[in-house]
Amino acid sequence: MIYIGVTGWGDHDSLYSDKTAPRDKLKEYASHFPIVEVDSAFYAIQPIRNAQKWVNETPECFQFIVKAYQGMTGHLSSKIPFESMKEMFQAFKESLVPYIEKNKLAMVLFQFPPWFDCRRENVEYLRWCKREMGSIPCALEFRHQSWFLPQYREKTIHFMIKENWIHSICDEPQSGEGSVPTILQTTDREKVLVRFHGRNIHGWQKKNGENWREVRYLYRYNQQELKEWANHVRKLTKECEHIYLLFNNNSGGDAADNAKQLMELLEIEYEGLAPRQLHLF
């Protein structure tokens with residue numbers, strides 16, 4: 001089964017009418033796609049009431065990919081707002097209960113920062129994270145090239161298989177240490193994740209530039225690039241049961257459109273989506 005969606009549901013203007021209130025956007029989103037990434041969980045561990053609302057207003061077959069809190073992946077420059085790492089992980093796991101109870105949690109995504117390189121202490125931390133998460137399915141995404149250097153690539157893949165990490169395959173600009181190559185290998189027979197970050201090589205690393213975060217994901221995939229990925233996805237289906245595809249190139253509002261283009265190329269028509277709202281004007 002192939003699932004296609006985008007990261008977040010608030011900023012994809014092509015999906016909504018001008019009259020769609022922010023509180024109603026997830027309901028409308030769920031009439032277009034069967035999955036979504038909860039990126040708000042990265043910035044703060046979400047109250048349980050939020051997850052309860054989201055699972056209740058989406059169809060039975062809808063699934064969520066919840067991004068791990070930034071304190072869990074080393075993005076925080078300040079001290080974590082918890083007494084201990086274990087307390088932080090426990091709070092995050094508690095926030096997942098509504099998804100789990102409704103069987104709507106596809107996976108948790110651990111996306112590590114560009115400075116999280118391939119070294120022994122980081123490998124040990126990944127082991128610790130996986131133990132803390134228990135049986136919850138978790139995907140792993142690197143942002144430092146060292147994990148996939150020729151001398152470490154197969155070891156990294158083997159480690160992910162051994163530790164039961166779902167591989168988060170990336171399509172992103174290739175611009176030095178802070179980007180990883182597209183490694184079309186699965187590490188779990190049941191699930192694999194692909195995230196499309198765009199290919200804006202000029203904006204990817206300009207952290208000191210104006211509106212850097214907006215420029216970073218400013219990219220629209222063309223038809224040929226999507227056709228190539230359609231072929232990749234078909235090959236992945238021979239290795240893995242469930243393929244999750246997320247478009248994150250939304251700085252220019254391109255993610256939802258590209259997601260729908262890929263659906264067409266793969267000839268996918270989803271059943272069980274939310275009813276589409278009718279807008280007369």
Side-chain angles (χ1 to χ4, degrees), residues 6-8 37-43 65-78 80 92 107-130 133 138-161 163 165-188 191-209 211-219 221 229 232 244-251 255:
V6 299
T7 56
E37 179 181 294
V38 183
D39 52 1
S40 57
F42 172 79
Y43 300 101
I65 296 168
V66 182
K67 202 167 183 182
Y69 172 57
Q70 60 183 328
M72 299 161 63
T73 51
H75 285 84
L76 278 179
S77 57
S78 57
I80 61 171
F92 181 79
M107 66 191 75
V108 171
L109 169 64
F110 281 73
Q111 182 194 68
F112 285 89
W115 54 88
F116 189 84
D117 58 354
C118 185
R119 63 175 73 181
R120 184 178 299 277
E121 54 263 43
N122 288 339
V123 171
E124 290 304 315
Y125 181 67
L126 291 174
R127 287 196 176 99
W128 185 86
C129 288
K130 200 64 179 64
M133 296 303 291
C138 297
L140 177 56
E141 181 174 324
F142 294 114
R143 281 285 174 90
H144 194 280
Q145 203 175 70
S146 59
W147 296 93
F148 293 119
L149 289 175
Q151 64 268 38
Y152 292 126
R153 173 174 165 172
E154 291 305 317
K155 292 180 181 179
T156 295
I157 295 296
H158 179 73
F159 168 79
M160 293 171 72
I161 293 171
E163 297 293 322
W165 283 102
I166 297 164
H167 187 193
S168 177
I169 300 169
C170 296
D171 184 287
E172 62 187 38
Q174 298 303 296
S175 59
E177 290 184 345
S179 57
V180 296
T182 299
I183 306 295
L184 293 169
Q185 287 183 252
T186 62
T187 57
D188 182 275
K191 297 178 180 181
V192 66
L193 175 63
V194 180
R195 298 179 80 237
F196 297 88
H197 298 301
R199 299 179 182 180
N200 184 355
I201 191 168
H202 300 293
W204 189 249
Q205 300 287 15
K206 293 182 178 180
K207 297 183 180 181
N208 297 322
N211 299 323
W212 169 67
R213 292 190 180 278
E214 287 75 19
V215 172
R216 184 175 171 86
Y217 301 106
L218 185 61
Y219 190 82
Y221 288 91
W229 261 106
H232 293 329
Y244 296 84
L245 309 171
L246 289 170
F247 283 83
N248 191 39
N249 56 320
N250 198 49
S251 294

- Checking side chain to side chain contact (heavy atoms under 4.5 Å, CB included) against Phe110, which of Lys67, Met133, Lys130 comes through? Met133
Side-chain contact test, heavy atoms from C-beta onward, threshold under 4.5 Å: evaluate it for [X] versus [Y] and give yes or no.
X	Y	value
Gln185	Glu154	yes
Phe159	Leu126	yes
Gln111	Thr73	no
Leu149	Cys118	no
Tyr69	Leu76	yes

Output yes when a side-chain donor or acceptor of [X] lies under 3.5 Å from a complementary backbone atom of [Y], and no otherwise.
X	Y	answer
Asn200	Leu218	yes
Thr187	Trp165	yes
Thr182	Cys170	yes

- Task: In sequence, state the C-alpha distance, the side-chain angles, and the governing distance for Trp229 and Leu245, and then conclude on side chain to side chain contact (heavy atoms under 4.5 Å, CB included).
- Result: CA-CA 10 Å; Trp229 261 106; Leu245 309 171; 5.6 Å; no
- Item | With Asp171, the side-chain hydrogen bond (donor to acceptor under 3.5 Å, both in side chains) member among His197, Arg195, Arg199 | Arg199
- Note on the structure: For Arg127, the salt bridge (Lys or Arg N to Asp or Glu O under 4.0 Å) test, sequence neighbours excluded, returns Glu124, Glu163
- Of Tyr152, Phe142, Phe112, the one forming a ring pair (Phe, Tyr, Trp, His ring centres under 6.0 Å) with Trp147 is Phe142
Between [atom1] on residue [X] and [atom2] on residue [Y], distance to nearest 0.5 Å:
X	Y	atom1	atom2	value
Gln70	Phe42	CD	CZ	4.5 Å
Trp115	Arg143	CH2	CZ	10.5 Å
Tyr125	Met72	OH	CE	7.0 Å
Met160	Ile166	CE	CD1	9.0 Å
Thr156	His167	OG1	NE2	9.0 Å
Asn250	Tyr217	CG	OH	11.5 Å

- Item | Crowding at CD, Gln174 (>12 non-hydrogen neighbours, <6.0 Å) | yes
What heavy-atom pair brings [X] and [Y] nearest, and what distance separates the two atoms?
X	Y	result
Ser179	Glu172	CA-OE2, 3.1 Å
Asp117	Asn122	O-ND2, 2.8 Å
Ala139	Ser168	CB-CB, 4.5 Å

- Message: What I want to check is whether the side chains of Asn248 and Thr7 have a donor and an acceptor closer together than 3.5 Å.
- Response: yes
- Message: Please enumerate all residues that pass side chain to side chain donor-acceptor pair (under 3.5 Å) together with Gln145, with sequence neighbours excluded.
- Response: none
- Task: Take the angle between the ring planes of Tyr221 and Phe247 and call it parallel below 30°, perpendicular above 60°, tilted in between.
- Result: perpendicular
